[in-house]
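Presented below is the structure to which this report refers.
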Amino acid sequence: MNRRAESNHALLWAVELANELRLPVLCYEAVTCSYPYANDRLHTFLLQGVPETSRRMRRLGIGYCFYLRRTAQDANDTLYRLAADASAVVTDDYPTFVARQHNVSAPGKLAVPYYVVDASCIVPMAAHEKREYAAYTIRPKIHRMLPEYLKPVPPVEVERDYTGQPPAWHCEVTDENIASLVASCEIDHSVAPSVSYGGGRLMAEQHLHQFLNFRLARYGKERNEPSAHATSDLSPYLHFGHIGALEVALAARAHAEAHNLAADEFLEELIVRRELAFNYARHAANPVSFDHLPQWALDTLDRHAKDAREPVYTRAQFERGETHDPLWNAAQQELLLRGKIHGYYRMYWGKKIIEWSGTHREAFETMVYLHDRYALDGRDPNTYTNILWCFGLHDRPWQERPIFGMVRFMSYDGMRRKTNSDGYRREIDHLRLTGVDPFRVQ
DNA sequence: ATCGGCTCGCGCAA
DNA sequence: TGCGCGAAGCCGAT
């Protein structure tokens, strides 16, 4: 999941192990056509990261090979074939989606040790023994441990360069052949690449620089205002591991100190709330379920299970953005076109799906489906936690009302009052009509 | 524009 | 055992 040569604890650990064993390191990356909702958008973003990762790994003396599994019939044993010639396999620990299952099933198929390293979090997931109840319970623990962990990852130094030839199945990905490689895969070609976000390390670094120089100072006050473009837009890059939370946190802190401004609100979201999400996913037997909602939320939702809903929309109506609410439709269009909804509007988006679905569980399924399929920042611990927050996870009870019970409600009037919703609608309409995002970072 | 009430449960101080 | 307070709420009073 952490697909980068920089600031990567898993890579550092692999190199240290290899140096101890007096062996070279080979970086292996792959994508199949069989993960859920495999489509042009997700494939393109992932493949756009490959050329730069490959260059930077090779520059470090680390071998690099990439396997593109185009059909379900192609061989699916490249990892095991590589491992047959290796002394150990090192990967990263990740608590959701395919990686979570793979890290359970892979070790049993290997004759060599299989190590998982926490390369996603700043304070390692393992530092928290139990599932935390809310942000306020994990916050003091994280702040207590931060001085120990908020430090740059030492540069990796391999003692033996990898000199072998890439395997016959290695796929050389270039900026020029990505479109044709994606077209050659047996995947869903109906979900087009994002109009706003290109994948890869260079794009991730561009977004970080844009954020530090033009947005961070406004983040505290304007992060909930989509037309202000005051957020980092880094979530797709963090999800695909093209950039790491640790290096982003260090860069934000350094920039804030150098320019005498506060990065507190940004660091709160990047560290405390993100790591609360990883803590939830790690300790949940099934993170994509209601199983771990707080009891007060389960009880209150249960008491309101049979409340009348009006209107009720089908999954297809939600998917096409065909509700009566122009703000909700705009948020859905942002998901369809950009592959990411502005953070504040995503909460509203989720709350309204609850309000306009036949049952709470159906609402949950719809939200998970739409994010798994369309969101570049989907399938991430953050995504599932954000969806479940709409049902009360990590939140507190509020005044009881229909359908939601004591789960927090969000209103159309509130969004109108608190944000420039007309500006947001205009921006998304422009995106839909022209297919061009004027805010795209080049 | 700002404030308290709504409501529950966790962590911490006593 | 009591108290403060919480991931982005709403509503009504001032």
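Convention: sequence-line order gives letters A, B, ...; per-chain numbering from 1. Predicted model only: the values in this text are computed from it and were never measured.
- Counting to the nearest Å, the P atom of C:dG9 and the CD1 atom of A:I354 are 15 Å from each other.
- A search for side-chain hydrogen bond (donor to acceptor under 3.5 Å, both in side chains) contacts involving A:R396 returns nothing, not counting sequence neighbours.
- Among the atoms of the strands shown, none is found under 4.0 Å from any heavy atom of A:K351.
- Residues passing the side-chain hydrogen bond (donor to acceptor under 3.5 Å, both in side chains) test with A:H342, sequence neighbours excluded: none.
- With sequence neighbours left out, A:Y280 forms a ring pair (Phe, Tyr, Trp, His ring centres under 6.0 Å) with no residue at all.
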With both pairing distances under 3.5 angstrom for Watson-Crick or G-U wobble, and | for a partner in another strand, the correct string for DNA chain C is ||||||..||||||
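- Residues A:Y114 and A:N103 bring a donor and an acceptor atom of their side chains to less than 3.5 Å of each other.
- In this structure A:D264 satisfies the salt bridge (charged side-chain N to carboxylate O under 4.0 Å, His left out) test with no other residue, sequence neighbours excluded.
- Between the P atoms of C:dG9 and B:dG9, the separation comes to 22 Å (whole Å).
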Intermediate values then yes/no, ring pair (Phe, Tyr, Trp, His ring centres under 6.0 Å), A:W13 and A:Y115
CA-CA 9 Å; A:W13 205 85; A:Y115 299 99; 4.7 Å; yes
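- On the C1' atoms, B:dA1 is 23 Å away from C:dA7, given to the nearest whole Å.
- By the ring pair (Phe, Tyr, Trp, His ring centres under 6.0 Å) test, A:Y37 pairs with A:Y369, sequence neighbours left out.
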Kindly give the atom pairs (protein nitrogen or oxygen, nucleotide nitrogen or oxygen) under 3.5 Å for nucleotides 7-10 of chain B.
{"from": "B:dT7", "atom 1": "O2", "to": "A:P397", "atom 2": "O", "distance (Å)": "3.0"}
{"from": "B:dG9", "atom 1": "N2", "to": "A:Y136", "atom 2": "OH", "distance (Å)": "3.1"}
{"from": "B:dC10", "atom 1": "O4'", "to": "A:Y136", "atom 2": "OH", "distance (Å)": "3.4"}

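- The P atoms of C:dT1 and B:dT7 are separated by 24 Å, rounded to the nearest whole Å.
- In this structure A:H209 satisfies the side-chain hydrogen bond (donor to acceptor under 3.5 Å, both in side chains) test with no other residue, sequence neighbours excluded.
- Ring-plane geometry between A:F211 and A:F266 is classed as tilted, the angle between the planes lying from 30 to 60 degrees on a 0 to 90 degree scale.
- For A:Y424, the ring pair (Phe, Tyr, Trp, His ring centres under 6.0 Å) criterion is met by A:Y345, not counting sequence neighbours.
- For C:dG9, one of the phosphate oxygens OP1 or OP2 lies less than 4.0 angstrom from a side-chain nitrogen or oxygen of A:Y344.
- Within the cation-pi definition used here (under 6.0 Å to the ring centroid, within 45° of the axis), A:K351 qualifies as a partner of A:W389.
- Sorted by residue number, the members of residues 267-290 of chain A with any non-hydrogen atom under 4.0 Å from DNA chain C read A:E269, A:R273, A:L276.
- The nearest whole Å value for the distance from the CG atom in A:N382 to the C1' atom in C:dA7 is 12 Å.
- Within the nucleic acid shown, A:R139 comes within 4.0 Å of sugar-phosphate atoms alone, with no base atom in reach, counting heavy atoms only.
- Partners of A:R303 by salt bridge (charged side-chain N to carboxylate O under 4.0 Å, His left out), not counting sequence neighbours: none found.
- Salt bridge present: A:R56 and A:E6 bring a charged side-chain N and a carboxylate O closer than 4.0 Å.
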Just the atom pairs and distances: protein N or O near nucleotides 11-14 of chain C's N or O, under 3.5 Å.
none

